[in-house]
Colleague: 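Let me give you the structure first, and then I'll get to my questions.
The shown structure was predicted, so the numbers you read here are calculated from the model rather than taken from an experiment. Any value given below was found using the heavy atoms of this structure, including those in side chains, with hydrogens, waters and symmetry copies removed. Throughout, a chain's letter reflects where its sequence line sits, starting with A, and its residues are numbered from 1.
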Amino acid sequence: MLRYSIRSRNNSRKEAVLVRVTVKDIAKLAGVTQPTVSKALNNEPGVSEETRMRILSIAKELNYVPNLAAKRLVTRQSNCIGLIWPRIEGLFYFHLCHAIEREVTKRGLTFLISVANPAEAVHTFNEHFVDRVLFWEASGWAPDMRFVKEMEAFQGELLLMGGASLPGAHRIDIDRKAGIYKAVQHLAQLGHRKITYIGNPNDKLNGYMQGMFEFGMEHHPDYFIKRGIDGKAPEQAIQGLFARPASERPTALIIDSQGMLFQMLKWFRKLRVSIPDDLSLIVYDDVPELEDVLDVPLTTVGPNIGELARRAVEILAGELPAGQATDTDSKEQALSRGVELVIEPVLTVRQSTKSLPVS
DNA sequence: GTGCATGTTGTAGAAAGATG
DNA sequence: CATCTTTCTACAACATGCAC
């Protein structure tokens, strides 16, 4: 199979250099001109079916790969979505990326991922003419000076996922508070009165607190265990919890991130805690692995990854109308507002939660 | 050394041209 | 006159050549 055509790149030196196959090479072999090839490859009208088939077969034979740089040069758009990979541990983001990739490919767009820091990533995307950028950051995030500077040169659309916001950027937030609240509600319906929560002081904790209050749970200051700086649950706090007299020992546990789960499972084995007989367990983040990590599939609460990915790509592909203008908005304000979506986490009841026998 | 004109890349699209 | 093909040019950024 021919992979490269041999052409003289520099007439004065008369050197034959291996050059990538272009539409011109295809045109030459097909006995047509370059624009005809362009039309045939892009399914534009004005080319007979016979010629089109001939051109497509030659392109395939030469292993032709379109030059996107040249394409962007002339169309002035990239049809490419750039993703800035955040520094998040765990499986959630891995699955989200795959789901986004599927949505992007479905629409005939291309997908680039940068694992560099956000400012550097935006810089690289600018260089590559990527005009739609997806960036996951939790609320409370603020851009540094370098990021602001790079964004000034960025001539496209930015979608922030995870809760962060910037003027002019699209935004997808997750109602994490409602998610954890749903988890508490589910446990309350199963008859649990003593629920421990491991996590950080944030929206999720607020959801836990609200649930504990509204469903009249037994409250004890030790039931909230704050994660350490390393993101892990402090060993002592957990041991202390299960060393309590049976009347004060929690019957259910909610952990605020799947990233912490494997460490927790180690403690459960050590302390001989059986799920769900000794303890009902709910994990935030619904990733497929949680079906198999224990003998029983885990009950989870978290945003539906497929929905998150679909919504994100819908926004960046321009399939959703921009944010609704209010009466007080000027036209410019309404246009620069962008799309705002809030995704509600879903509770998926599996077998790690069990109803308490009525005492 | 400076400043300007021209050429280079691969592709798409408008407009003109050729064919039956 | 319809259908298909060709010619020409723009696109952005940089390299090269040449006159001053």
Side-chain angles (χ1 to χ4, degrees), chain A residues 1-84 101 103-114 116-135 146-159 168-169 313 316-319 335-336:
Chain A
M1 187 170 73
L2 272 171
R3 190 168 290 265
Y4 293 99
S5 64
I6 295 176
R7 259 181 283 143
S8 173
R9 172 163 268 179
N10 186 330
N11 287 330
S12 61
R13 289 189 196 145
K14 300 280 180 212
E15 282 174 357
V17 189
L18 285 174
V19 185
R20 253 175 81 153
V21 173
T22 72
V23 283
K24 282 182 189 166
D25 301 313
I26 300 169
K28 212 170 189 177
L29 280 167
V32 296
T33 55
Q34 168 261 316
T36 305
V37 175
S38 174
K39 279 180 200 164
L41 294 176
N42 293 297
N43 257 320
E44 296 287 330
V47 183
S48 66
E49 200 50 36
E50 194 194 334
T51 311
R52 187 189 304 276
M53 294 314 285
R54 191 169 78 246
I55 288 169
L56 288 177
S57 109
I58 290 170
K60 199 178 172 191
E61 176 68 20
L62 294 180
N63 199 18
Y64 167 72
V65 179
N67 184 324
L68 288 184
K71 213 168 183 164
R72 287 168 199 172
L73 184 63
V74 66
T75 59
R76 305 234 240 166
Q77 50 178 318
S78 68
N79 286 330
C80 179
I81 290 181
L83 178 92
I84 304 176
E101 194 272 338
E103 292 292 331
V104 166
T105 310
K106 209 192 285 176
R107 291 164 172 80
L109 306 168
T110 54
F111 188 42
L112 278 182
I113 296 177
S114 172
N117 75 60
E120 226 164 278
V122 172
H123 185 81
T124 306
F125 288 151
N126 276 336
E127 286 180 323
H128 288 266
F129 216 141
V130 174
D131 49 11
R132 286 171 262 188
V133 171
L134 219 164
F135 182 23
R146 248 192 93 200
F147 186 83
V148 171
K149 207 178 162 199
E150 293 296 346
M151 280 307 293
E152 275 171 16
F154 177 70
Q155 294 288 320
E157 297 187 40
L158 175 69
L159 167 60
V313 177
L316 284 176
E319 292 164 14
L335 279 173
S336 66

Colleague: For A/Ser48, report the nucleic acid contact type (base, sugar-phosphate, nothing); a contact means any heavy atom under 4.0 Å.
Modeller: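 If one applies the 4.0 Å heavy-atom cut-off, A/Ser48 turns out to touch the sugar-phosphate alone, with no base involved.
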Colleague: Atom CD of A/Glu50 and atom C1' of C/dC4: how far apart are they, to the nearest Å?
Modeller: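 That distance rounds to 12 Å.
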Colleague: I need the single residue from A/Glu101, A/Arg132, A/Arg107 that forms a side chain to side chain contact (heavy atoms under 4.5 Å, CB included) with A/Val313. Which is it?
Modeller: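 Only match with A/Val313 under side chain to side chain contact (heavy atoms under 4.5 Å, CB included): A/Arg107.
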Colleague: Without decimals, in angstroms, what is the distance between A/Ile55 CD1 and C/dT5 P?
Modeller: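 Computing the A/Ile55:CD1 to C/dT5:P distance gives 8 Å.
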Colleague: Around atom CD of A/Glu50, are there more than 12 heavy atoms of other residues, nucleotides or ligands at under 6.0 Å?
Modeller: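 12 or below, so no.
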Colleague: When you measure from the side chain of A/Thr36, which nucleotide among B/dA12, C/dT5, B/dT11 comes out closest?
Modeller: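 Closest of the options to the side chain of A/Thr36: C/dT5.
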Colleague: Can you measure A/Lys24 atom NZ to C/dT6 atom C1' for me and round it to whole angstrom units?
Modeller: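 Those two atoms, NZ and C1', are 14 Å apart.
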Colleague: Just verifying a value: how many Å separate A/Leu112 CG and A/Leu134 CG, rounded to the nearest 0.5 Å?
Modeller: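 Atom-to-atom, A/Leu112:CG and A/Leu134:CG are 12.5 Å apart.
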Colleague: Could you tell me the separation between the OG1 atom of A/Thr33 and the NZ atom of A/Lys39, rounded to the nearest 0.5 Å?
Modeller: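 Separation between the atoms: 8.0 Å.
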Colleague: Send over the distance from A/Phe129 CZ to C/dA12 P, rounded to a whole Å.
Modeller: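 Those two atoms, CZ and P, are 8 Å apart.
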Colleague: If you assign each of A/Thr51 and A/Ala70 to its closest nucleotide in DNA chain C, which residue comes earlier from the 5' end?
Modeller: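 With A/Thr51 and A/Ala70 compared, the 5'-side residue is A/Thr51.
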Colleague: Measuring from A/Thr36:OG1 to A/Leu41:CG, what's the distance to the nearest 0.5 Å?
Modeller: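 Here the rounded value is 10.5 Å.
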Colleague: Atom CG of A/Asn67 to atom C1' of B/dT8: distance rounded to whole Å?
Modeller: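 From A/Asn67 CG to B/dT8 C1': 13 Å.
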Colleague: Distances for protein N/O vs nucleotides 14-20 of chain B N/O pairs under 3.5 angstrom?
Modeller:
none

Colleague: Without decimals, in angstroms, what is the distance between A/Asn42 CG and B/dA12 P?
Modeller: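 The answer, rounded to whole Å, is 4 Å.
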Colleague: Can you work out whether A/Glu49 or A/Gln34 has the more 5'-proximal nearest nucleotide on DNA chain C?
Modeller: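 It is A/Glu49 whose nearest nucleotide is closer to the 5' end.
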Colleague: NZ of A/Lys71 versus P of B/dG13: gap in Å, rounded?
Modeller: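 Going from NZ in A/Lys71 over to P in B/dG13 covers 9 Å.
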Colleague: Would you mind telling me which of B/dA12, B/dT11, C/dT7 lies closest to the side-chain atoms of A/Ser38?
Modeller: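 Nearest to the side chain of A/Ser38 among the choices is B/dA12.
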Colleague: Let's see if you can work this out: which of B/dT11, C/dT7, B/dA12 has an atom nearest to the side-chain heavy atoms of A/Val23?
Modeller: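 Closest nucleotide among those given: B/dT11.
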Colleague: Given atom CG of A/Asn79 and atom C1' of B/dT11, what is their separation to the nearest angstrom?
Modeller: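 One finds 14 Å between C1' of B/dT11 and CG of A/Asn79, rounded.
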Colleague: Which heavy atom of A/Leu316 sits nearest to which heavy atom of A/Glu157, and what is that distance?
Modeller: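 Where A/Leu316 meets A/Glu157 most closely, the heavy atoms are CD2-O, 4.1 Å.
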Colleague: Going from CG on A/Asn126 to CD on A/Glu152, what distance comes out if it is rounded to the nearest 0.5 angstrom?
Modeller: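 Going from CG on A/Asn126 over to CD on A/Glu152, the span is 11.5 Å.
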Colleague: Hey, is the side chain of A/Tyr64 poking within less than 4.0 Å of OP1 or OP2 on B/dT11, counting only N and O atoms?
Modeller: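 Affirmative; the distance criterion is met.
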